[in-house]
Amino acid sequence: MALHTGLFGVPELSSPEGFQEAQEKALQETEQLVQKACTTPPGPQIVMIFDQLSDALCRVADLADFVKIAHPDFAFREAAEETCRNIGTMVEKLNTNIELCQSLKQLLADKEVMDSLDPETRQVAELFMFDFEISGIHLDEEKRKRAVDLNVKILDLCNQFLIGAHLPNKIDKQILPEHIRYNFAVEGNYIQITGLHADCSDDLVREAAYKIFLYPNAEQLRCLEELLTSRNHLAQLVGYNTFAHRALQGTMARTPEKVMQFLETLSDRLFQRTLKDFEMMEGMKMKLNPQNSKLMPWDHPYYSGVLRAERYNIEPSLYCPFFSLGACMEGLNFLFNQLLGISLYAEQTEKGELWCEDVRKLAVVHENEGLLGYIYCDFYQRADKPHQDCHFTIRGGRLRKDGEYQLPVVVLMLSLPHSTKNSPTLLTPGMMENLFHEMGHAMHSMLGRTRYQHVTGTRCPTDFAEVPSILMEYFASDYRVVNQFARHFQTGQSLPKSMVSRLCESKKICAAADMQLQVFYAVLDQLYHGEHPLKRSTTEILKETQEKFYGLPYVPKTAWQLRFSHLVGYGAKYYSYLMSRAIASMVWKQCFVQNPFDRAMGERYRREMLAHGGGKEPMLMVQGMLQKSPSVEDFVDALVSDLDQDFETFFMDSE
Ligand SMILES: [Zn+2]
């Protein structure tokens, strides 16, 4: 008889040792299911068994993935890490299990049975096959072995590149002028440069940091080249032209050609606006530093910030008192209630269920359908907690064999300050927007009522995954929404409309240049993962791309690409964020801007977009929502029109 439960209510996980037990159970279940899959005739049951298999492993692996980075206790983190490794090995083994693959192949080859399946089941069957393919399962034995070796090599190179991307650069301290040394960490005769110091007000500090931090490291350069080459080899080995072609299968964009068309069109449309932004920044630099006024890449984030602050008074401390965490959560609750008939309730937790006392558990309840799932809110700062705001799937939703729906469980992780004696937790406008963003992911998880957990909620193509979260940012910037909840925590006064408008308008300052920078990164990612062998060195490609798609000069003897850690996780999909934003913008303008509380629209949004998780082709979901199929020009129009200043606000504020 257990006195208390374990993490997330999993009984085994009341101690670090429990991970071993949970993992063994999962592996046993896996073996039984593999047996079953190999002896079941072609039919929908095969897909069901594959999904059970995936569920048995993911249930433990996803949970461990979260615990290994977020648990305050090192022993738990270590045990979780070990479990992740072991399950990873098992997944690799399964992906090269020919007999298992054969059972799925038979199903996919049986046209009659396939035609009789519902679209979601068909889609999931194809997705499972796709996982096999990248392991080279359809190849002869020699090639298959090469694919396995390449996969292992790529994994190692990815880890190595990630470590290298964050490593500080060290220089002799004599090289730096004495008056700026104090900005950096001094270690004996050396100075450690750990980042770009992009927000520092001293131009010289930013310049030094830029040139030193981005100084090319030969080993990191080799690592990147090898990573790109190996990815290309693997893609070609399993039958694709380039790594990008493989990575984009199943996405909204579908092909690298389409991605480039999107990025090039966007870049053309941004060009004039970006020039203007750069001129504004240069004007400001001229004012503050007349001797050295040429605008350089290390100036962009700093001077755009100065311009924003000068043009609009958006000091976060003016806004914070209106955004207590309680008020923001009530705002979200109100919005979900109006749009979707959903309420959030604080849920009691059992002893042992949480990894930290200040975590809150929310039950997500629909007015007719009842309980939909749970969101664990890990919102507060603590030592050793990763800073990144993040959404984690802990358990995917799926229809179980007994007809019950396995409820989805997710964690939202933020880094908010604790309340103090005198005030509750207060959010800056940026934190409030992030909270809305992450809740957008959580709602995707809660409302993705897929039959299979393999495609639960956010397990959808990368370029669609940010649509629900970015859409929430549009809600968070709308006065009618903000006015529902933003109340001064002491006086109860509501946030003046002009302050909300100012905030929104301030975001448009230099926004073209900011977007142009993202276009440059995305193009670079496409070129690196495009045709191989690369025509030039990665640095030469960077230089050309920067000049063509960004506009600020390349700085000799720098290699920014060696710090581009997203090349690892997003490989050929860095454009995703821009494309998701374009869709979110279209959905906002076409469906919600008239009335952000429109229940009928909320229901349509749920039915057409959220409900399918990754179980439906993303472009079909977009078509269902917008009732047309948007073109590349539509995407670009949506992004660019968001940059237009609202003159009404402009004049209102200059009164
Ligand atoms: Zn996101």
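Predicted model only: the values in this text are computed from it and were never measured. Just so you know, ligand 1 is whichever comes first in the structure, and atom 1 is the first atom listed for that ligand.
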- Message: the Zn ion (ligand 1) and His437: any N/O/S contact shorter than 2.8 Å?
- Response: yes

- Message: Can you confirm if the aromatic rings of Phe436 and Phe485 lie within a centre distance of less than 6.0 Å?
- Response: yes

- Would Tyr570 and Tyr577 count as a close aromatic pair, with their ring centres under 6.0 Å? no

- Item | Angular separation of Glu466 OE1 and His441 NE2 about the Zn ion (ligand 1), given to 10° | 100°

- Query: Is the Tyr376-Phe8 ring centre distance short of 6.0 angstrom?
  - Reply: yes

- Can you check whether Trp298 and Phe213 have ring centres sitting under 6.0 Å from each other? no

- Query: For the Zn ion (ligand 1), does an N/O/S atom of Glu438 lie at less than 2.8 Å?
  - Reply: no

